[in-house]
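Worksheet: the structure to be examined is printed underneath.
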Amino acid sequence: MRQSLGSFLGAILLVVSTLMYGAEPYTWSLNINKNRAYVNEAIALEYTCDFEDAAYLHVIELNIVGEDDRYRLLSLGEAETIKDGKRRNVYRYVLFPKKAGEQTFAFKVLMRKTTKASIENSVIGRDNVQGYAFVDHTMDLPPVHLEVLDHKEKMTGRFALRVELDKANVKAYEPVHLDVHLKGEGDFDQMQDIVLNIEGVTIFSEVGEKRYNLTPEGFKGEWEQKFSLVAKEDFTIEPIQLAYFDVDKQERTVLRSERFEIKVDEGYKREELLDDVASEVDAPRWSWSYLNYLFTFIAGVLLGRYSLRLKGEQKTPNGIVEEIAVSSSVNMALAKLVMTGDRRFTGLIEKYEKLGSKATLSGLKKELMDILKSD
C-alpha cells in the first residue's frame, strides 16, 4: 500500500514539474527531402525524437498515417536506437499532396511517461494495480510547409510503357495475345485498367496486376495487363496511350505503343463447326445462338481446350465449376456449358440466352451451383 501511494505521489509530482517548468527531456525534429513539389508527387518525411537519456519510462504514440482531401500520408517504417546512453526514435513517411498552393500540414504526437514504481507494481502483479500509470502529454510536431504546383494529369512520376504482341498472323478464331506492361515510380496505385474496343473482335482481358513497393520517391515497380483477342477477319490494334506528368521533365508526357495490324487467314468453316459440335454434344436441341457462343470461345475449344490462355500463364481448371469460376463474361461461361454436352445445363443455357444484356455472371454461377448440388 505504501509503495502504491508513493507511485501516485510520484505521478502528481511529475505533472506539477511539467506545469512549472514546461521542459521535456526530448526534442522533435523534421527532415524533408523537398519543400516544392507537384500535385501527387512523393515527398519523403522523417520525424526524429531525441531523448537526453535512455528514456525507458517514455512511450511514444505517433499515429499520423491517413488521408483527407489535401494529402495522403503513408508509413515507410520506424526505428529505435540507443547510442551513448541516449535514445532516438525515427519515423519515416511518404506524403502525396493532393491540392496546389501553399500548404501546411500539422500533426500531433502523444508522449506518455510512467514511473519506475508503476513498472515494478505491474511486473509484480499487485492486485490493486491495473497496468502502468501514465502521464500523457499531447504536443505539436514540427509542421510541414510545402509549395505545391498544379498539373492536369492523374498520374505523377517517371514511367515507361511496353506493349508486346505474340503474333501478327493467325487463323480465324485463333487467339492473339497482347501484353501491356508499365514500369517506373510515382503514384503507381492511380493506374487504371485499360479497356480495348475493337469492332468484330472478341476480347478477353485480365485485371491489371500491380507489383510495387513504397519508396521515398513513391511507389516503385510495375503494372501488367494481359489480353487475348479472337476474330475471324483482319483487324487493327490502335496504339495504346498513357498520359502522365513527368516530375523530371516537369511536363506532360504521353507514352504511346505502336499500331498492330493483325492478318487473319481462313480457318474453319461455319458448317464444319456445326457438324463437329452437334455430333460431339448430342444435345436434344441446338440453336444458332449456341454457335455464337462457340465462336466467342472457339479458340479455347476447337484449337485445344486450354489453349486460350494468357501469354506466360497456363490455366488448367479441373471440372466445370473451376472453368466457370475463371470465366470473365456470361458468353464465355455459356460457351463452356454448351461444350460439356451435359443435358442438365440445357435449361440454364436457354434462360441466360434469353436474358441477353440483363444476364449476370454471378447469377449464372449461383444457378449452376444449385443444379450441381441438386444431383
Side-chain angles (χ1 to χ4, degrees), residues 7 11 14-15 17-19 22-35 37 39-83 86-99 101-116 118-119 121-123 129-148 156 185-190 210 212-221:
S7 175
L14 177 62
V15 174
S17 175
T18 301
L19 292 175
E24 297 291 354
Y26 51 79
T27 56
W28 280 93
S29 60
L30 168 65
N31 183 35
I32 183 170
N33 69 337
K34 66 188 80 171
N35 293 104
V39 171
N40 290 329
E41 181 179 354
I43 300 169
L45 307 178
E46 187 175 275
Y47 277 112
T48 301
C49 182
D50 286 303
F51 291 89
E52 296 176 357
D53 54 23
Y56 68 92
L57 298 179
H58 287 269
V59 176
I60 300 174
E61 291 191 6
L62 182 56
N63 302 309
I64 61 176
V65 171
E67 182 175 7
D68 63 18
D69 61 337
R70 295 191 309 134
Y71 74 94
R72 179 172 44 143
L73 187 68
L74 304 175
S75 174
L76 267 178
E78 58 185 78
E80 179 179 307
T81 58
I82 297 180
K83 185 177 181 180
K86 296 182 179 181
R87 173 179 158 190
R88 166 175 283 190
N89 289 80
V90 179
Y91 300 84
R92 299 169 61 229
Y93 301 93
V94 178
L95 184 145
F96 295 91
K98 295 182 178 182
K99 291 186 176 181
E102 297 291 335
Q103 301 285 348
T104 297
F105 304 101
F107 305 105
K108 295 181 180 293
V109 61
L110 176 63
M111 303 297 294
R112 314 191 73 188
K113 185 175 182 180
T114 186
T115 63
K116 182 178 179 181
S118 175
I119 295 175
N121 288 338
S122 296
V123 172
V129 176
Q130 296 183 357
Y132 300 136
F134 285 103
V135 175
D136 293 344
H137 174 51
T138 299
M139 61 176 292
D140 294 322
L141 292 171
V144 179
H145 299 290
L146 295 176
E147 179 187 0
V148 183
T156 307
E185 58 187 11
D187 56 340
F188 233 114
D189 57 347
Q190 298 295 320
K210 299 175 182 179
Y212 54 74
N213 297 308
L214 184 63
T215 73
E217 289 73 38
F219 294 102
K220 183 176 183 179

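What you see is a predicted model; the values in this text were computed from it and never measured.
- Rounding to the nearest 0.5 angstrom, the gap separating the OG1 atom in T114 from the CZ atom in F134 is 5.0 Å.
- Side-chain contact between L146 and L95 is present, with heavy atoms from C-beta onward closer than 4.5 Å.
- Remark: the backbone N or O of G218 is not paired with any side-chain donor or acceptor of D187 at under 3.5 angstrom.
- The distance from atom CD of Q190 to atom CZ of F96, rounded to the nearest 0.5 Å, is 9.0 Å.
- Side-chain atoms of N40 do not come within 3.5 Å of backbone N or O of T156 as any donor-acceptor pair.
- The CZ atom of F107 sits 11.5 Å away from atom CG of D140, with the distance rounded to the nearest 0.5 Å.
- Separating the CG atom in L76 from the OG1 atom in T215 is a distance of 7.5 Å, to the nearest 0.5 Å.
- Distance NE2/H145 to OG1/T104: 5.0 Å, rounded to 0.5 Å.
- Taking the six-membered ring where the residue is Trp, the centroids of F219 and Y212 are separated by under 6.0 Å.
- Considering every non-hydrogen atom in both V144 and L30, the closest pair reads CG2-CD2, 3.9 Å.
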Contacts table for residues 62-69: side-chain donor-acceptor under 3.5 angstrom, sequence neighbours left out:
| residue | atom | partner | partner atom | Å |
| --- | --- | --- | --- | --- |
| E67 | OE2 | K98 | NZ | 2.5 |
| D68 | OD1 | R70 | N | 2.7 |
| D68 | OD1 | Y71 | N | 3.1 |
| D69 | OD2 | K99 | NZ | 3.3 |

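- Shown here for E52 and E24, the closest heavy-atom pair between the two residues is OE2-O, 4.1 Å.
- With rounding to the nearest 0.5 angstrom, the OH atom of Y47 is 11.0 Å from the CG atom of N31.
- Among all heavy-atom pairs drawn from T115 and L57, the shortest one is C-CD2, 3.8 Å.
- Nearest approach of D189 to R72, heavy atoms of both residues: OD2-NH1, 2.5 Å.
- Closest non-hydrogen pair, P216 versus V94, comes out as CA-CG2, 4.1 Å.
- Of the residues listed (H58, E80, M111, R88), the one engaging C49 in a side-chain contact (heavy atoms from CB on, under 4.5 Å) is M111, and it is the only one.
- Annotation for L214 and S75: closest pair CD2-O, 3.6 Å, computed over non-hydrogen atoms.
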